[in-house]
Every structure is written in structure tokens, then in C-alpha cells.
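First the structure, in the form of C-alpha cells, and then the observations on it.
Since the model is a prediction, treat every value here as computed from it, not as a measurement.
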Amino acid sequence: MEHQVVEGSKPVTVPALDPTITARGVNVFYGDKQAIFDVDVDVPRNAITSFIGPSGCGKSTFLRCINRMNDTIPICTVTGDIRIDGEDIYDPRLDVVELRARVGMVFQKPNPFPKSIYENIAYGPRIHGLTRSKKELDELVEKCLEKAGLLKEVKDRMNEPGTGLSGGQQQRLCIARAIATRPEVILMDEPCSALDPIATAKVEELMEELKENYTIIIVTHSMQQAARVSQRTAFFHLGKLVENGDTRQIFTNPSDKRTQDYITGRFG
Amino acid sequence: MVVYLFLLLLAIASSGFLLGRFKARAAGVGQDVKMHSLDGYHGWFVAAWAGIPAVLLTLLWLLFQGPVIDWLLVGSLPANKVQAIDGGKLQLLVSQIKSVAAGNIFSQPEPFVVEAAERYNRWKDIASWSLFAVATVLALVGLLVARSRISPRFRARNGVETIMSGLMIACSVIAILTTLGIVVSLLYETLRFFDRVSVVEFFTGLNWEPQIPIREGQVTAGGAFGALPVFWGTMMIALIAMLVATPIGLFAAVYLTEYASARLRDVVKPLLEILAGIPTVVYGFFAVLTVAPAMRTFGEAIGLNIAPNSALAAGAVMGIMLIPFISSLSDDAINAVPQSLRDGSYGLGATKGETITKVLLPAALPGIMGGILLAVSRAIGETMIVVMAAGIIAALTLNPFEPVTTVTVQIVTLLIGDSEFDNPKTLAAFALGLVLFLATLVLNVIALRIVQKYREQYD
Ligand SMILES: Nc1ncnc2c1ncn2[C@@H]1O[C@H](COP(=O)(O)OP(=O)(O)OP(=O)(O)O)[C@@H](O)[C@H]1O
Ligand SMILES: [Mg+2]
């Protein structure tokens, strides 16, 4: 498919220092329909990068390329080059399952398993054999809940079903579940879209803490959230990466007209 | 006669519809006001009032006409002919009169019979004609009364609604009453059985030999009604069937929902449904003619003695019959698990197998359990396959290579051949039927509750 030329056709990319994830020339197709066009992106280590853009522009699609969740959609094909720490993640010899353990994901809608709170967190460590003893596992579960800011609320009901928590608690449970597998990268697809401001603030606080040790990408529709939490921002439009750079620069001095229009709320 | 009456009533109702609609239309146009209901509703309203009461009356009339005429007939017979004979003979006499009345004269009937037959025919004619007249009048009255109520403010629409809901209630009441009737008669006959045979013997006795002398002086076994071996046989065959059906059905469902490509699924699912549509009698002769001999040959080859009508053959074929049942219910249950749970598991780096065993199956378990219980209740109620492929002799054995018998087989054999309805042999069939009914009822209730509860979880 011919890359459609638009104004400022080469996206304005300020290279990130020490990138964990580098994507070059990524195209994604759903059947015949192309959803992502030739995207180049760098995601810096131990920082929060936000993906913004109008609905349907391909943020989730691109995010799902990074842990190869798109493999689970039969009609979806991905071309291009995505590397994590220099390793090509679309290399046929790569173990996808292991990749997904390294790149955790938090979904837009909280999706706790219909198991106990404890079992929800213990799921990942168990299948990956991260702990040796029951005691170690107990500690890990507790630590992850603590990090997700949920421990106080659920300490006395670890054996109750995770589905019985409130929406915000469920989302934090899913975050705790994701960090329990000790990933290097955490992908968050609109993690706060179902949350009230208080729960949102808690999740943002948590992200702030997590960024010390993890590389985080967050998809969000909230400009304020992107501006508040992220150090870098990538703006997508109609499947193309329009602009990618320092968050402050994008929000104060965007170099593309479309970015400016979007962040000032003129379309989207 | 009755057919003509129904046609006439239909015609009256139809014209009621037209008349009602016409009048409504005229009323609406003439007075230049908004009608409460559309013209059609007025039409239906009039039609319903013209048709329904008359039809109901006709049905009731037909229900009572026969017995009333019979009663009159018996009353009119000469006293000396009636007094001497008992109930059964009287019945016979009445049937004779009726057949004479219908023109079937075999031997030379007595003159009083011929006379009675003429009377009978006359009364029947009178009854028919008066029914005709009364029903027609009722229909016309209904039509006129309903039509006279039509006015712009008349709520024909609500009236039709009420009539419709009444009809629906009537239908469900019929369904419920029929079921209730069956259960009550089952219960009644069972109680009669337990008058003759003790409950304790029936449920704990180990000896099932229901053949009792039919004629006096006939030499047979004494008649023993210990049903435990029969229940045991039923459970054993059901167990074998479930051992075959559950893993195959479940794995087929897992394969179809999680592994198969969409194209393959589109081919295989209808095929499985065809399997579900095979009549059980076909499974039956499949069991007798193919599976059982094959098992026998195989058994001989490895030095096992397998009876031609072994529990294993019947159970295995029944299991095959249940595969589509289990697989389609498990399929539904697994499909109902939201995609987001699969994503969550894959996103944590779980393999497909881990996702299936640790997330999907536990989440779908209630639905799968419900399906399995429903299948069990079908297995214990299944008749044709076991009648053809299982044994008749009740045996208390753990060996699946030996023949056993089931509740359904026994019910069939007990009721084959004519015998009167008041000996324990026949009544035992009702007792077995009641046990079967209660067992399947309990299983179904539990299964449906489980399935329902599970549905609520994700809605
Ligand atoms: N499973 C799929 N099959 C086919 N097309 C899809 C699929 N998922 C997404 N798409 C298409 O790909 C495009 C990008 O979708 P995507 O979900 O990535 O958008 P998004 O930016 O995440 O939007 P939103 O902000 O609403 O979540 C859309 O046009 C969408 O219709
Ligand atoms: Mg999205």
C-alpha cells in the first residue's frame, strides 16, 4: 500500500536517550485493511511514554504489537521491526510466551480472573515458576498488592473472588497481577478509563513509583493525564505516528499542526 | 358435522373482523375524532368475541355430550336387562348398542338393543343440532355485543391484549395440567404397587424376577420385586456412557473453541449436530450389530469373555450418542468466557494450554458441569439403545462385560404383552417410572440451576 504523503510527511521524532523499545517501519493490517502505517517510535527506559490520538487511530493496535498480542487475532498481520533491548521480537525463533512475561499488559477494561484475589496475583508467578515455596509466593503476592496500593483494602479477603472488587480495585488488581510476573515493560491500554478521579490518582501515583524500575507505555484519552504522568508522548492520527517527543515540548510547542489541533481539542 | 360447525364459526369470526373494522373506520371518519385504537384492533376484538366463546362452548359440549347420552341410554334400558349384569358387561352392552347404531350388525341383536340403538341415534342427532344452533347463536350474539361497543374512545387495543394474554395463559395451563396429570397418575399407580409390594423390598431387594403367573395354575417364578439390580444396571450403563462421552465431548469442545480455525469449525459443528440428530434406534442397532460383535471378537482375541449384550457395548454406544450433547453445551460454556480473560492470561505469558486449563475450564466449569448432569439425566432415561443392546435379566455385577438391565428396559418388558392393570408386574412399571422421573427431575433442576447461575456471572 502506498504511503500517503501528508504535510510534514516524515514524522518529527526527537530520538530518546537509551531507548528500551525501538520500532521501525511498523505496518499492521487487519485482513486487507491497514491500521498502522510505517510507524517509527523509540520508548525510553525507566520512563513513562504516553500514546495519544483520536479514537480508532491505532493506539491499541500498536500497543498490542509490542507484546505480540496481535498474534491472537487470526486476521492480523504485522510487518516491520520492533526491538526490545536490541532483540527482534518478531524473530521466528523468539518464544512469544516468554516475551509476554517480559512485557506485561494492563487492559482497558479490568479483567480479573474469576478466582480469588490471591490466585489472581499468583497466576503469573506460578506458571513461570518464579517462586520456590508457598511462603515466597505469599510474600510476592503481598508485595505486588502493596505496590498496586491495594493491600490495605484486601488484606483480610485474599480468598474472596477478584471479580467481587470494585472497578477501580479490579484495575489495580490487574496492575498487581501484571507486575507479579516481573516484567521489564508494562503496557497500559487506557487503564483509567473506567475509574473515578480518586482511583485514577492512585493508579497514576503507582505508575510514578513503578517507573523507577519499569518502562511504561500508557494509552490515554486524557490530555491532562498524558501531560501529568508521562515524560514522552507519541501522537497517532489515522494509523500514522504524527509526532513523538518530549511531553513538555509536545504540549507546549507541537511541531505539527494536527498535534496542536488535537491537544487543544479542535478535533478528535 | 363438527367440522362444519367450526367452519361456520370461523366464517362468523372473520365477518366479525370485517364488520368491526368497518364500523370503526366509519366511526372514526364520521365524527372526526381520533380513535383510541387502530381499526384492525376493533376488528380483532369483535372477531375474538364472536369466535372464542362459541368455540369454548363447543369443546365443552363435545366433552360432556358422550357421557350424558350414555347415561341417558343406560337409564332408558329395560330394568330387567340391566339389573342382572355387572359394570363390565354393561359397558359391553353399551358398546354393542353403539355399534348397532353405527350400522355394524354382526349377529342378530336382541330387539331391545335395536330399539336402544335407534334412540341413541336420535339423541345424538338432537344433541348435534342443538349444539349447532346454540354455538351459532352464541357466536352471533358475541359479534353483535362486541360490535355495539365500538366507539372512538373504546380501548379495543387493550381488549385484544387482554384476550391474547388470556389465550397464552390458557395454553400454558394446559401444558402444566397435562404434566401434572401424568405425574399424579404415575404417583397413584405407584401407590397401588406399594400396596402389594413393600417399599423396603423394592428399594433394597436384590432379586428382580417380575414374571408372575398370569393365568391360574401357570408355573413361573414367584415374582420378586427387589429393584436394586435394575437401578445398579442403569447407573453402570450411565457411568460407562459418561466415561466415554465426557472426555471426548469436552476435548472436542475445547478443540473447536480454542484451536480449530474458523473454517474447520464451520464444517465440524454442523457435523456434530448431525450426530445429535441420529435417531436412537439407529444407535441401537449400531450397538447390537457392530459394536457388540466387535467387542466380543476383540475380547476373545485377548482371552476375555464378553457377553453379546454387555453393559460395555450399550454404555459405549450411549456415550457416543451423548458426545454432541456434551460438546455443544461445553462449547457454549467455553465460548461464554469473555475474550478479555483469555487476553489477560496470554498477556501474562501463559501458553494456550495453561490458559485453557487454568482460566477457561475453571471459568466454564459450572456450565460444563450443568451439561454433564443434563447428559446423565438423558443417559438414565435413554430407552431405545438399551432395549436393543442391554440385557433383560437383572444382575448385580461389577463386571462391565456381563449383561445388565436398566430401568427403562424393565419398564418396556413389563408392559409388553397384555396383562391387566392391577397386578404387581404391570404396576411395577409405574414405580420404576416414578423413580426414573424423580431422578431425572432432580438432575435437571440441579443442572439448570448451575447453568443459570453461571450465566449470571458474566452478563
Ligand atoms: N480485531 C480487529 N479486527 C479488525 N479491525 C480492527 C480490530 N481491532 C481494531 N481494528 C481496527 O483498527 C483500527 C485501529 O483500532 P484501535 O483499536 O487500535 O484504535 P484505538 O486508537 O485504540 O482507538 P480507541 O481509542 O477507541 O481505543 C480501527 O479502525 C479499528 O476498526
Ligand atoms: Mg484502544
Side-chain angles (χ1 to χ4, degrees), chain A residues 60 63-64 66-75 95-116 119-130 161-164 170-171 173-189, chain B residues 253-269 330-371 449-459:
Chain A
S60 300
L63 198 68
R64 290 163 60 93
I66 300 173
N67 64 348
R68 290 186 58 178
M69 277 304 278
N70 282 332
D71 291 15
T72 61
I73 302 173
I75 57 166
D95 180 7
V96 184
V97 167
E98 199 222 303
L99 170 76
R100 293 199 192 121
R102 284 167 51 200
V103 183
M105 185 157 198
V106 177
F107 296 83
Q108 180 164 350
K109 214 176 125 231
N111 57 349
F113 301 130
K115 301 170 181 283
S116 71
E119 288 297 324
N120 261 284
I121 313 283
Y123 183 81
R126 277 222 180 96
I127 58 179
H128 297 299
L130 295 184
T163 41
Q170 286 187 12
Q171 194 59 295
L173 182 67
C174 291
I175 294 174
R177 187 175 72 180
I179 57 182
T181 50
R182 303 196 183 135
E184 300 152 28
V185 179
I186 302 177
L187 311 174
M188 297 181 157
D189 193 348
Chain B
V254 168
Y255 175 74
L256 282 179
T257 48
E258 298 302 313
Y259 289 95
S261 68
R263 281 234 317 278
L264 186 70
R265 197 160 45 233
D266 287 347
V267 177
V268 173
K269 276 191 105 167
S330 314
D331 195 315
D332 290 349
I334 296 174
N335 260 327
V337 179
Q339 179 64 31
S340 64
L341 289 188
R342 292 183 181 84
D343 286 348
S345 175
Y346 292 138
L348 288 170
T351 61
K352 206 158 207 173
E354 285 161 350
T355 304
I356 290 167
T357 49
K358 300 222 167 84
V359 176
L360 293 185
L361 289 184
L365 192 66
I368 294 170
M369 280 306 298
R449 292 203 83 157
I450 292 177
V451 172
Q452 251 165 24
K453 210 169 155 195
Y454 164 71
R455 288 235 172 88
E456 284 159 14
Q457 206 176 321
Y458 293 116
D459 283 350

Completion exercise
If one checks every heavy atom of A:Pro112 against chain B at 4.5 Å, the contacting part turns out to be backbone

Handout entry: Part of A:Arg177 within contact of chain B (heavy atom distance under 4.5 Å)
Key = both

Exercise for the section: Select all residues of residues 257-266 of chain B having any heavy atom within less than 4.5 Å of some heavy atom of chain A, and report them by number, or 'none'. Expected result: none

Handout entry: Inter-residue atom distance B:Lys352.NZ - A:Thr72.OG1, 0.5 Å rounding
Key = 9.0 Å

Completion exercise
d(B:Thr355 OG1, A:Ile127 CD1) to nearest 0.5 Å is 7.0 Å

Exercise for the section: Taking all heavy atoms of B:Gly349 and all of A:His128, pick out the closest pair and write down the distance. Expected result: O-CE1, 3.1 Å

Fill in the blank from the handout: Heavy atoms of B:Lys358 and A:Lys115 approach each other most closely as O-NZ, 2.5 Å

Fill in the blank from the handout: Among residues 99-108 of chain A, those lying within the under-4.5 Å heavy-atom range of chain B are A:Arg100, A:Ala101, A:Val103, A:Gly104, A:Met105, A:Phe107

Is the closest side-chain heavy-atom distance between [X] and [Y] below 4.5 Å?
X	Y	result
B:Asp343	A:Lys109	no
B:Leu341	A:Pro114	yes
B:Val359	A:Tyr123	yes

